[in-house]
Amino acid sequence: MSAEEFGLPRLWLLRHGETEWSKSGQYTGLTDLPLTAEGEQQARQAKAALDGVDFGLVLTSPLQRARRTAELAGFPEAQLEPDAVEWDYGDYEGIKSSDIRKENPDYLIWTHGVPNGETLDQVAARADRVVQRALSAGVPHVLVVAHGHFCRIITARWLELAPIEGRHFILGTAKVCRLGWDKKTPAVEAWGL
């Protein structure tokens, strides 16, 4: 039996297009940056990976880089989902992880976290709520337009993994992923389209 035969939805993820900080490698949590011209072009190109899919629910982070990506990818009426914002990086907002590692060579956000920001578990709790919303929406396809770390964490939670396992799912700007099922087992069906 397939996911459709079991009545299970697919969760599609679209990371926002490039911003100046994603280009430079700076942590961009709640700072509300616009897309670059390249980011806008990436968002338009992402539309090809989503064409032909009948999304019964489209959600977007309220931050402008995600909203604009949704619009350019063909979803101007996406519903704002406050839980889909990026990780609040606290004191590391706007900082490059490579700069943090100059002082702490072992630093990884997944294990060390961020001072005065959200914990990984707090981000995972938001991701869990978005997953539950997708699972209970009653539609075959749900799209969430969000952010790099958040998409990686939501993927781990979809797969019923600990949030730290999001570290294994690298996702470029304006890339599309499809989370679905192997019969009734949550699975990654496509990554980085």
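None of the values given here were measured: they were computed from a predicted structure.
Using modelled atom types, one side-chain atom of Ser22 and one backbone atom of Thr19 make a donor-acceptor pair closer than 3.5 Å. Remark: the backbone N or O of Asp88 is paired with a side-chain donor or acceptor of Glu118 at under 3.5 angstrom. Looking at Glu93, its side chain does come within 3.5 Å of a backbone N or O of Gly29 through a donor-acceptor pair. In terms of modelled atom types and a separation under 3.5 Å, the side chain of Thr69 and the main chain of Gly17 share a donor-acceptor contact. A donor-acceptor pair is defined here as one N or O able to donate and one able to accept, closer than 3.5 Å; such a pair exists between the side chain of Arg15 and the backbone of Leu171. A donor-acceptor pair under 3.5 Å links the side-chain atoms of Trp158 to the main chain of Gly180, judged by distance alone. In this structure, the side chain of Trp87 does not engage the main chain of Gly117 through any donor-acceptor pair within 3.5 Å. A donor-acceptor pair is defined here as one N or O able to donate and one able to accept, closer than 3.5 Å; no such pair exists between the side chain of Glu20 and the backbone of Thr36. The closest donor-acceptor contact from the side chain of Thr31 to the backbone of Leu33 lies at 3.5 Å or more, if one exists at all.
Taking CG from Asn104 and OG from Ser97, the interatomic distance works out to 11.5 Å, rounded to the nearest 0.5 Å. With values rounded to the nearest 0.5 angstrom, Arg178 atom CZ is found 6.5 Å from Leu193 atom CG. For the atom pair CD (Glu86) and CG (Asp32), the distance works out to 12.5 Å, reported to the nearest 0.5 Å. To the nearest 0.5 Å, the span separating CG on Leu120 from CZ on Arg167 amounts to 10.0 Å. In this structure, the separation between NE2 on His147 and CG on Leu14 is 10.5 Å, given to the nearest 0.5 Å. Once rounded to the nearest 0.5 Å, the distance linking CD1 of Ile109 with NE2 of His112 reads 11.5 Å.
In the hydrophobic clustering of this structure, Val53 groups with Val145; members are Ile, Leu, Val, Met, Phe, Trp, Tyr whose side-chain heavy atoms approach within less than 4.5 Å, directly or through other members. Both Leu8 and Ile154 sit in one connected hydrophobic cluster of ILVMFWY residues. Membership requires side-chain heavy atoms under 4.5 Å apart, directly or through other members. Trp12 and Ile153 are members of different hydrophobic clusters when ILVMFWY side chains are connected at heavy-atom separations under 4.5 Å. Note: the hydrophobic cluster containing Val188 also contains Val144 (ILVMFWY, side chain heavy atoms under 4.5 Å, direct or indirect links). The hydrophobic clustering, which links ILVMFWY residues whose side-chain heavy atoms are closer than 4.5 Å, places Val130 and Leu135 together.
Residues Val114 and Asp91 form no side-chain contact, since every pair of their non-hydrogen atoms from C-beta on lies 4.5 Å or further apart. Between Lys47 and Leu50 the shortest side-chain heavy-atom distance does not fall below 4.5 Å. Residues Arg67 and Leu80 meet the side-chain proximity criterion, which asks for heavy atoms closer than 4.5 Å.
Taking the six-membered ring where tryptophan is involved, the planes of Tyr27 and Tyr92 are essentially parallel, since the angle between them stays under 30° and well short of 60°. The aromatic rings of Phe55 and His141 sit perpendicular, their planes meeting at an angle over 60°, well past the 30° parallel limit.
Under the 4.0 Å criterion applied to side-chain N and carboxylate O atoms, Arg129 and Glu81 are not assigned as salt-bridge partners. Under 4.0 Å is where a charged nitrogen must lie from a carboxylate oxygen, and between Glu40 and Arg44 at least one such pair does. Salt-bridge formation is not detected for the pair Glu165/Arg152: no Lys NZ or Arg NE/NH1/NH2 atom is positioned less than 4.0 Å from an Asp or Glu carboxylate oxygen.
Tested against Leu143 for a side chain to side chain contact (heavy atoms under 4.5 Å, CB included), the candidates Leu11, Val58, Leu13 yield a single pass: Val58.
Using modelled atom types, one finds no donor on one side chain facing an acceptor on the other under 3.5 Å when comparing Glu18 with Thr173.
With ring centers used as reference points, His168 lies 6.0 Å or more from Trp110.
Across Trp191 and Cys177, no two heavy atoms sit closer than the pair CE3-SG, 3.3 Å.
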